[in-house]
Amino acid sequence: MPRESKAARTARAAEILTRLKAEYPDAHCELDHENAYQLLAATILSAQCTDARVNLVTPALFRRYPDPAALAAASPADVEELIRSTGFFRNKAKSLIGMAQALVADHGGEVPRTMEALRPIPGVGRKTANVILGNAFGINEGITVDTHVKRLAGLLRLTRESDPEKVERDLMPLFPQEDWALLSHLLIWHGRRTCIANRPRCGECVVAELCPSRREA
DNA sequence: ATCCCGAGGG
DNA sequence: CCCTCTGGAT
């Protein structure tokens, strides 16, 4: 079994991107938000939780805490109650309040626009920082690698790594930088609708011919 | 490597 | 019962 050449993998990646763009012309971030602060809070809540469930709790959360200053002064118990159904609610409440306090203390109540400034904020790892940069500010500094992106990138053999940061480094040279944020949404949409974990619908998959992992239904 | 944690699907 | 859902901190 000869390993696929770099040129062949690059060409395959380009075709995958083309087909997914055609299949999901409306792919976008499905976390409801009106500004960077709301997206940051919603993304923190999205850990190990569906977007749909996050969207169930954020309206009340944002009504009670409309800005970082309000959330920075919140009581943990109150925030915990509002976000309980998203899971990990104690950690997430602590992160949300800590995040708001950091915005107020270090960034004039605004969400910063660089990876270096975002990463030290409580609850913000590289994945969350990439979501904010790419979707709130249109800055494609990296690629958001979540559970779907990681799973599909592996199945499509665009990487053999499992560490998200290594997956990200493998993906970056395979796709145009201006498409990085869109790429994540396309893989996430495809992962939810067709390449479902534990039940991939290879018979309905538009990139099945490009996928080394495809199976007969 | 392990913990945090709830909800839904199969 | 199992797995999965846009992870991060220790």
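What you see is a predicted model; the values in this text were computed from it and never measured. A, B, ... follow the sequence lines: proteins, then strands. Residue 1 opens every chain.
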_Whole-Å gap separating P (B:dA7) and CG (A:N55)_ = 17 Å
_Sugar-phosphate only, base, or nothing, as touched by A:T128 at under 4.0 Å among non-hydrogen atoms_ = sugar-phosphate
_When you measure from the side-chain N and O atoms of A:N198 to the phosphate of C:dT4, is any distance below 4.0 Å, counting only OP1 and OP2?_
yes
*In whole angstrom, give the distance that lies between atom CG of A:L152 and atom C1' of C:dT4.*
14 Å
*In Å and rounded to the nearest 0.5 Å, what is the CG to NE2 distance from A:L156 to A:H190?*
7.0 Å
*Before accepting this row, confirm whether a basic side-chain N of the pair A:R64/A:D78 lies closer than 4.0 Å to the acidic partner's carboxylate O.*
yes
*Mind calculating the distance between CG (A:L45) and P (B:dA7) to the nearest angstrom?*
14 Å
*Pairwise P distance for B:dC5 and C:dT10, with rounding to whole Å*: 14 Å
*For DNA chain C, which residues in residues 140-149 of chain A have a heavy atom at a distance below 4.0 Å?*
A:T144, A:D146, A:T147, A:H148
*Separation between OH of A:Y65 and CG of A:L82, rounded to the nearest 0.5 Å*: 6.0 Å
*If you count the non-hydrogen atoms of other residues, nucleotides and ligands that lie under 6.0 Å from CD in A:E110, is the total more than 12?*
no
_Summary of side-chain hydrogen bond (donor to acceptor under 3.5 Å, both in side chains) pairs that have at least one residue in residues 130-154 of chain A, sequence neighbours excluded_ = A:N130-A:E168, A:N135-A:H185, A:H148-A:R151
*asked:* Nearest whole Å is fine: how far is B:dC3 P from A:K92 NZ?
replied: 18 Å
*With no hydrogens and no angle check, is any side-chain donor or acceptor of A:K92 less than 3.5 Å from a backbone partner on A:T86?*
yes
*asked:* From CD1 of A:I188 over to P of C:dT4, roughly how many Å is that when rounded to an integer?
replied: 17 Å
*Between A:Q48 and C:dG7, is there a side-chain N or O to OP1/OP2 distance below 4.0 Å?*
yes
*Find the distance A:R90:CZ to C:dT10:P and express it as a whole number of Å.*
17 Å
What protein N or O atoms touch nucleotides 8-10 of chain B N or O atoms at under 3.5 angstrom, if any, and at what distances?
residue : atom : partner : partner atom : Å
B:dG8   : OP1  : A:R53   : NH2          : 3.3
B:dG10  : O3'  : A:R199  : NH2          : 3.4

*If you measure from the Lys or Arg side-chain nitrogens to the Asp or Glu carboxylate oxygens, is any gap between A:E4 and A:R12 under 4.0 Å?*
yes
*Taking only Lys NZ, Arg NE, NH1 and NH2, and the carboxylate oxygens of Asp or Glu, determine whether A:R19 and A:E15 approach each other closer than 4.0 Å.*
yes
*Rounded distance (nearest 0.5 Å) linking atom SG of A:C205 with atom CZ of A:R215*: 12.0 Å
*Check the geometry between A:F88 and B:dC5 and answer yes if their rings are stacked (centres below 5.5 Å, planes below 30°), otherwise no.*
no
*Whole Å only: how far is the CD1 atom of A:I196 from the P atom of C:dC3?*
18 Å
*How long is the line joining CD1 of A:I83 and P of C:dC5, in whole Å?*
21 Å
*Does A:V124 or A:A197 map to a spot on DNA chain C nearer the 5' end, using the closest nucleotide for each?*
A:A197
